[in-house]
Structures are given as structure tokens and as C-alpha cells.
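Beneath this line is the structure, given in C-alpha cells, with notes to follow.
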Amino acid sequence: MEFGEEHYSIGFFSREGYRRLRCRSCGKYFWSLTERETCGEAPCEPYTFIGSPPTRRPYSVPEMREAFLSFFESKDHRRVAPYPVVPRWRKDLYLVSASIVDFQPHVTSGASEPPANPLVVSQPCIRMVDIEKVGPTLGRHLTIFEMGGAHAFNFPGRDVYWKDRTVELCLEFMEGLGLRAEEIVFKEGIWAGGGNAGPCYEVIHSGLEVATLVFMSYRVLNDTLEELPVRTVDTGYGVERYAWLSQGTPSAFQVIYSSIMDKVSSIIEIPELNSEAFARYARYSAWIQPSPGFGPREARHQAAKLAGVNLDYILPALERLEQVYKLLDHTKSIAFILADGVVPSNSKVGYLARLLLRKSQRILEIMGRGDALPELVSLQVEIWGRDFPRLREMREEILELASHEVRRFKESVSRGLSQLERELSEMKRSNKPLTSESVARIYEERGLTPDLVISKARAMELETPSIEEVEELMISRHIEASRERGEENWVAGALQVAGGLPKTEKLYYEDPYASSFEAKVLASSNGLVVLNRTLFYPEGGGQVGDTGVLRWSRGEARVTDTQILDGVIIHFVGGEAPPVGETVQGQVDIERRLNIMRHHTATHILIGSVRRALGRHAWQMGAKKEAEAARLDVSHHKPLTQEDVERIERLANEVVARRLPVKVMWLPRSTAEERYGFTLYQGGEAPLGEVRVVEIPGWDAEACGGTHCANTAEVGLIKILKVERIQDGVVRLVFAAGAAAHKQISETITQLQRRVELVERALRQLKLGYSKLIEGYQESVLREFEKLEREQPDRFKSLETAVAGMAAKIWSFSKSYQKEEMIGNVRLIFDFRPVVDDAYFAALASEAVRHNAPAASLVVGRSKTGIVAAVGLNRHLSRLGLTPKLAAERLGASSLRVVNEEVAVFETSARDPREIYGEFRRLLESL
RNA sequence: GGGCCGGUAGAUCAGUGGUAGAUCGCCCGCUUGGCGUGCGGGAGGCCGCGGGUUCGAAUCCCGCCCGGUCCA
């Protein structure tokens, strides 16, 4: 694509005496007041402003921004507040990369009015494409910068201004800064993007491109240009670049971050550079154009050679400085992106946030300040929050998300490292070198950066590739994957039916409660029916399509789904379809629709609750409202706790109870954005033209095309049924409202009751079965025992002891004895056992006194003749002179058997075990 | 949205078609005044889910789910 001279030759230039010249170095045409050999843009010439700023005075970034804005204000442009850096109003971009993005596609296409015309804005823009160049180019490349945009939208029959005025304004602005017109060059260029194109001028001063003046006037269709109905003046002034020009420092970073440099240097060391040598090097920094095969190292050498600077002397400080610059730049981007409520994740804009965070964190770790990232981000919030209040408002969320992401990164790295160590020692053992392929693979699989992998390998004395080799390999691997948009299969058929038909009249917006209507059939084939008007809501905005019936004179058809295509609503019918021209009576399944409506309004209520409960980083990432239940996907970095869920649910039900009206209105886009902010676009991009706003006053406002209840009270109970993490950084709430909630709850309760019954029954059976089982075993065991006692008395004896011991151990382990108390420093254990057996009792008594302190035990049971007891006294007690025999005698033993030095078993004539116990206590007390 | 890697004992992982393993942790015993240590013993696995190939699948193939990671 090329534009001829006629596109650039304007009246203003000929009036003022500009000449069209061709650059000897780059071959491009440019316009200049004076004779020149080159276009003046680096690298055709070096930067001449470094060390000798050409403006009347130095400007800081805020000063330059204000100078720019107020200049255009004085020229009838209205100042507009900057837009977010995350363009929620469009889905083809992750970040705002230019000021014109704020007005695409709705204004540039002519569908909506701009907030003002002409207008001026200083728009923070983020571009990830240059991320590798940030630092080495000393500020020519930044991931985040402010684009001063002066825009005029020339609607058909309503021209504002075009090329002449644009150039004139640019010149006047620059002259106002004290720049001489003779030194300004307008270089011819072509701008193309997003299917649009137009000629442009790059405005050059002192080697630096400081602005681009684009005249967006064409649409690109199959390689041919077609004039656009709306011709847009799209100018972008580099606010930071003008400020840099005005200060003439070696790097732009010194200008942009001057107010926090002191604080930053207290966190990380910022090297001192010989300012003279650095300045000379900086003049040639435009030659630093890292590309595949020409890494930062070569680029630096080339610039140094041209500048006549001995690089070896400044290199260590320079490299470190570049890293500091990267950090400054990336942390600013992080602050802005997180301020717009982006949750770092592994896809889409969340990934870009993660990338910036991880790159910054890695640099800090190499510097030995792996803990400093939140502090740096906090500094950014502080300085930029003055001009962009959103940063301050979101401070808490920004720091929480950044810290959380750093934590995750550390976990990921330590996981990767342990794996890496194994892999490397395996290589070491088999004496294999670490290849570039392996390094690239490890980065892609586990996110360990090549520098980290290589340094680990070198520490193990493995043969390694250089970082440059690895980077080259990774770049060469990138093959652009073609994007293929799979259309849903119904679209092809629907296009045949709906193609060329007028947009269907949407009756459901007039009265969302209405259920029957009359309409004419405009098209009908293959089970697809188009009417001139309908109450059937087509699937959209996460709300499912309506179902119902179409009746006509000779039949009726069931509508199973409803869709919309280019404003034409398509009814999917089963069975016979009404013929074209027929008048049909439509009947929407109103109960179903009402349930869906309640779910839709409930979704709006919930998103308000979620943002209040979790923080303003929580955005709707998707939603689906059906008749039985609905779901809401929300960006959030952590799994939800029970408390989170309860809080969200409580807040939501409070809104229901407050009986708030649900207001629906159509507003001009810019009015809506001004009044409600960009949280309007929870549901994603909104259709062109006016915006339909659904507002729950004081709670939530969203651009939404759905059908809603008139009052929150109609929603009824909102019940969250399930919470799950569906992907990195996104949680899903499944919920039900109103009648559906009631149904879900009662079903759940019924199910629970059924389960409880089952469990209870199973328990009863288990108990029964268990005791039967035990009884059976007891019997057979007893029989076996009796047999054994008769036939082999010796073995019986030892077996009996062993079994008794085992039982005693279980008893002692489970602490199932009846009483345990301290008498002075003596632990006394008492138990009553229904089954009497000497060996068993002895074992119990013995087991009970296994302590490392004085302990006594008394186990009693009732025999036919009286009471059988075992007394146990451990060695700590026998040292005091109390023996089991002595104790037994004091307790009135009639027959007595001393089992060992700790235990004795005896019988007494006492009736009540408590008598013996009391006596035993008194005995112990007397010690 | 796409590519790549992974899912085996509580944790970290090995196991590439033929009886499921190691280390740590846990439990028990011995060692100790006690804890730790040391020694000995033990428990713990739908080998993510589903399908296919096979005489036979943790292992090969397909699909799904989950986690990680890179890229748009």
C-alpha cells in the first residue's frame, strides 16, 4: 500500500514555504522549511537534544501533559478524562495501545457520537510488543506511555477539521514550547490497523519522533481502499518524549521517574554513570534496534562505536541501569493494569499482567531484592495516583494482587527448580551438554527463564549455550498461528433465511412481562422462522433464548430456541412451520421466561455483591442465565472461602429485601460512560450505537440487552448452590433465584433427608449385624477355648494371658475406663468390667499403671459370690512401701493372688464396688 | 483461544506392556530418665476419569477432567 504525493501535499505547506525532500539515508519523503539531506529522524541522524534541550524550559511529565491539554483546549478541543488501559468496551484488544482505541469502533464507524468533537485526551497506553527493547533504548521504547491524543471526527456533512488545521495546530503547539519550526520535519508515512488505513506525518525534532498525525480515511477491503464515511483525525503526541526533549537527559527514564528516583535508589542500587560518556552514548542510542541475530549486546557496541565511547568502561553500570529502567517501566504498567481490575492468570490480558510481574520479579531476584516488588508498585501508585485517581482507589487490590502473584511465581519457580536439579544432574552423570533446545523447553514448560537455567547449569559445570543463542532459537520457533473463527453451525442456515430481511421489532423490550403477541411471518424454511415482530427473546448476553408456541389458522409449532443474527430474530421450530405471509399468534413460555428474568436480575445483583465482598478487581468473565439455575464467572485470584460465599449471598439478599427498582434506559455511549464508569461493560463489549443501561440504583449499572424484573424484590431468594474454580484467575458461582431457588433447595433437602435415612438404616443394620457377628464369634471362640483348656491346659494358659493382655492394651489405648483422677501426685484409674476373669483383670490393672509417675489402678467386677478386684501399683508407689498385697489386704481381700510385684487379684465380700474404691482412695491419700 | 508439560502412597517423585516402588512424613517396637537421634518393623494406592488396542495396560491410542507453563 502506498499513498501518492497528493495525499501529503497540503495548502498549509505551500503557503508556509515547505519543500518536499527525500532522505538520503532512509529514502523516505519528508516536508521541511529548510534544505536538509536526511529526514532528521534517528537513526538517520543522532539525537541532538541530549545535553542541549531545544525547548524554552524543562518540563516534567505532568507539566508537559498539562501544556498539551491546555493548548488544545485553547483551540476549542474539549478535554476528556483518560480511559482505562483495559478496553472492556471491545474484545479485539487486550490493552489500549493508542488514544484512538477509546473511540473505536463505535465513534469511528459513525454509530455513536464522541463525548466531544474535537476533543483532547492524555491517554495512558500499554504496548507489549516492544517489551524486550525497554531499557536498552533508554526510553524510546516503553511498555506504558501517555499518548496525547487530539481527535476530530468528521461525520458526513459535519466537518470539523482535516489535514491543514491538524498540521497547523501541531506546529503551533511545538512553537509554543519554544521549538523552532525550521527544525521540525514532517515525514510521510502510512498508518494501517484494524482494517483502517490512511496517510500520516511523523513529526520529528532533534532526531526524535515526537508525534504522529494520522488521517484515518480508508477502509481496507480485499487490498483495495474504500473511503470511510467518517474521516478521523488521529494524532498521537508522545507526552514523555516531549518531556524528554525538554530536559535533554541521556534517558527518558530520568525524566519520567525523577520524582521517585531517590526512593527507588533506597530500595535498589542505581549505578552512577559518567554523565559525559553516557550522554554521548545516548545520542546514538537510536541505533540500538535489537532484532533477531542482532541482540542488545551487538546493538550497544554499535551505538558506542558511533559515539566514540569506550563501552567496556561503562558497560557494567549501563547493563544494571537498563535493568533498573525495565523495573521502573514494568512496575508502572503493572500498577495501571491491576488498577483496571485485571487478575493475573495464564490467558488473555491476565497473562500480560503475569508476564510483566514475573519479568520484574526475576530482575529483582537477580538483584537480591526478591521482596521489593510490592514496594516499587506502591511507589508507582503514589506518583501516578495523583493524576490517575483510579490507582489510589484501587491501591489495596493492586498490592494484594501483585503480592499474591509474586508468591505464586516463587512457588512455581521452586517447583521447577527441584525438577531442574534432577534433570541437570542426570545430564552431568551422562556427560551431556545443556542444549538451547532444552533451555527453551524448560522455559516453555515450567516458566524458568533461560538466564536462571543457564546459571544453574554453569554452577554445576555443565556445558551451556549462551542466552543469546537460546533467545534466537525461541524467536525462530514462533510461527504465527492463523486465527480461525469457527462459526456456529446454525449460522450458515440462518444466513440463508435471514439474509436481507429487515431487523425484527423487539417487543420484549416494551414489556418484558408480556407473553402473547401477533406477527407476520417474513421467512420460513428448514425449521427457522422469521417474524416482523416478536416477544421471543433471542439468546444473548448470557441469557438463553425463549421457548414457546406459534399458532396460526392451520396449525401450531413449538419454538425450541431463539437466536439473533444481524438484528434479525430467528425462531427455531419443531414440526410443521407456518408459511410465509401467515399471521401467527405467538405465545412465550412465560413461567420459564420469568425464571430466566429473575436469574438475570439476580446476576446483576450478585456482581454488585461480589465486587463489594471480594474487591473491585472482580469482573464478570461470563454468565449464563437459564430457567433452572444460572452461573456467574468472576475474575478472582483465590478460591472462595465459605465466608466469602456467605457474605456475597447475604449482600445479594439484602438488595432483594430493599425492593430497589430496576431502571432500564437507552443512553448515548459517552453519557453512559461518564455517569456510570467503565464497569458498565461487565458483560463485555456492547453493540454499537446507544447503550442500553440496566441500573439498580446505588448497587450496579451495566450495559445489558437482557430482560429484567422491574424491582429487585421480584427476584426472591438468591441461593448460591456451588462455587468452583473454572480456570486460573476465574471462579464460577452457580446459583438459583426465586422459584428456581426454592425448587433447588427443597430438592437438596429431600435428597439430604433421604441420605440421612439411608445412613441411619445402614448404621442400625451395622450395629445389629455387628453384635450378631460378635456373638457368633464369642460362642465359637469360647468353645475353642474350652476345648483347648481341656486338652492343652498349658497352651491355654499362655493364650489366655496373651488375649487378656491384648484386650487390656486396647482398653488402655482407647482410655475407655470409667474414672481417672489424681490423688495428690498419684494417678488413680478405676474401672468396672462386666465380664470377670482373673487374667484379664490382672492385665487391665497392669496396663493402667504404665506411667512414668506414681499410678494406681483398681479394676472391679461382680462375681456370683461377691466382688472380684485387681489392684495395680507401679514401681513409683512400691518405693513408698505400698505393695499390691498390702493394699489388697487393706481392702478386705478374702482370697488373694499376687500376680507380680505390681499387681494382685483378690475377692472380697463387699457388695458395692464403690465401697472398695472409697477405701482405696483413703489408702492413697494417707500416703 | 492455541501449543507444550504433567496427574502414581499424606508430600516430592521413579517406574515405557508382565507381581506398583524410593525418599521424607505417619504408626509400632527397641534404644533414652524424657525428647531427639539410631536400629528394626508396619500401615498407607480405583496409578485423574471414560473408552479402545492386547492373553495382559500405570505404561500404547482416542476423548474428557484437573494442574502447570508458554504464546496470541
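Chain letters run A, B, ... following the sequence lines, proteins first and then strands; every chain starts at 1. Computed from a prediction, not measured in an experiment: that's the story for all the values here.
- Comparing B/C13 with B/G50, their C1' atoms sit 26 Å apart, to the nearest whole Å.
- Residue A/R408 places at least one side-chain N or O under 4.0 Å from the OP1 or OP2 atom of B/G68.
- No hydrogens or angles considered: nothing links the side chains of A/T331 and A/S360 as a donor-acceptor pair under 3.5 Å.
- Residue-level contact check: A/Y443 touches the backbone only, with heavy atoms under 4.0 Å from sugar-phosphate atoms and none from bases.
- The listed nucleotides are B/C13, B/G1, B/C70; the one nearest the side chain of A/S347 is B/G1.
- Proximity of a side-chain donor or acceptor of A/E821 to a complementary backbone N or O of A/L828 within less than 3.5 Å is not detected.
- Contact check, A/R415 against B/C5: no side-chain N or O comes under 4.0 Å of OP1 or OP2.
- Shown here, B/U54 forms no base pair; nothing in the strands shown gives a Watson-Crick or G-U wobble contact with both key distances under 3.5 Å.
- In this structure, A/F409 atom CZ and B/U69 atom P are separated by 9 Å, rounded to whole Å.
- The pairing partner recorded for B/G67 is B/C5, the criterion being a Watson-Crick or G-U wobble arrangement whose two distances lie under 3.5 angstrom.
- Phosphate proximity of B/U69 to A/R358: present, with a side-chain N or O under 4.0 Å from OP1 or OP2.
- A close approach under 4.0 Å does not occur between any side-chain nitrogen or oxygen of A/R725 and OP1 or OP2 of B/C66.
- To the nearest whole angstrom, the two P atoms, one in B/A9 and one in B/A58, are 15 Å apart.
- On the C1' atoms, B/G7 is 14 Å away from B/U12, given to the nearest whole Å.
- Taking for each of A/L352 and A/R422 the nucleotide of RNA chain B with the nearest heavy atom, the 5'-most of the two is the partner of A/R422.
- Rounded to an integer number of Å, the gap from CD of A/E411 to P of B/A11 is 15 Å.
- If you take atom P in B/U59 and the same atom in B/U53, they sit 15 Å apart, rounded to whole Å.
- Between A/Q419 atom CD and B/A14 atom C1' the separation is 11 Å, expressed in whole Å.
- In this structure, A/L448 reaches neither bases nor backbone, as no heavy-atom distance under 4.0 Å exists between it and the strands shown.
- Following rounding to the nearest Å, A/L420 (CG) and B/C13 (P) show an atom-to-atom distance of 13 Å.
- With hydrogens and angles left out, the side-chain atoms of A/R458 and A/T464 include a donor and acceptor closer than 3.5 Å.
- Nucleotides B/G6 and B/A14 place their P atoms 9 Å apart, quoted to the nearest Å.
- The gap from the C1' atom of B/G48 to that of B/A57 amounts to 16 Å, rounded to the nearest Å.
- Applying the 6.0 Å contact sphere to CD of A/E747 captures more than 12 heavy atoms from other residues, nucleotides or ligands.
- Between the CG atom of A/D92 and the C1' atom of B/G1 there is a distance of 14 Å, rounded to whole Å.
- Nucleotides B/G40 and B/G45 are separated by 25 Å at their P atoms, to the nearest Å.
- Atom P of B/G25 sits at a distance of 29 Å from the matching atom of B/U69, rounded to the whole Å.
- A/D728 places its CG atom 10 Å from the C1' atom of B/G67, with the value rounded to the nearest Å.
- Rounding to whole angstrom units, CZ of residue A/R429 and P of B/A14 are separated by 13 Å.
- Look at CD on A/Q727: it is 14 Å from C1' on B/U69, rounded to the nearest Å.
- For A/D644 and A/Q642, the side-chain atoms include no donor-acceptor pair closer than 3.5 Å.
- The two atoms that bring A/A853 and A/N874 nearest to each other are O-ND2, 2.8 Å, heavy atoms only.
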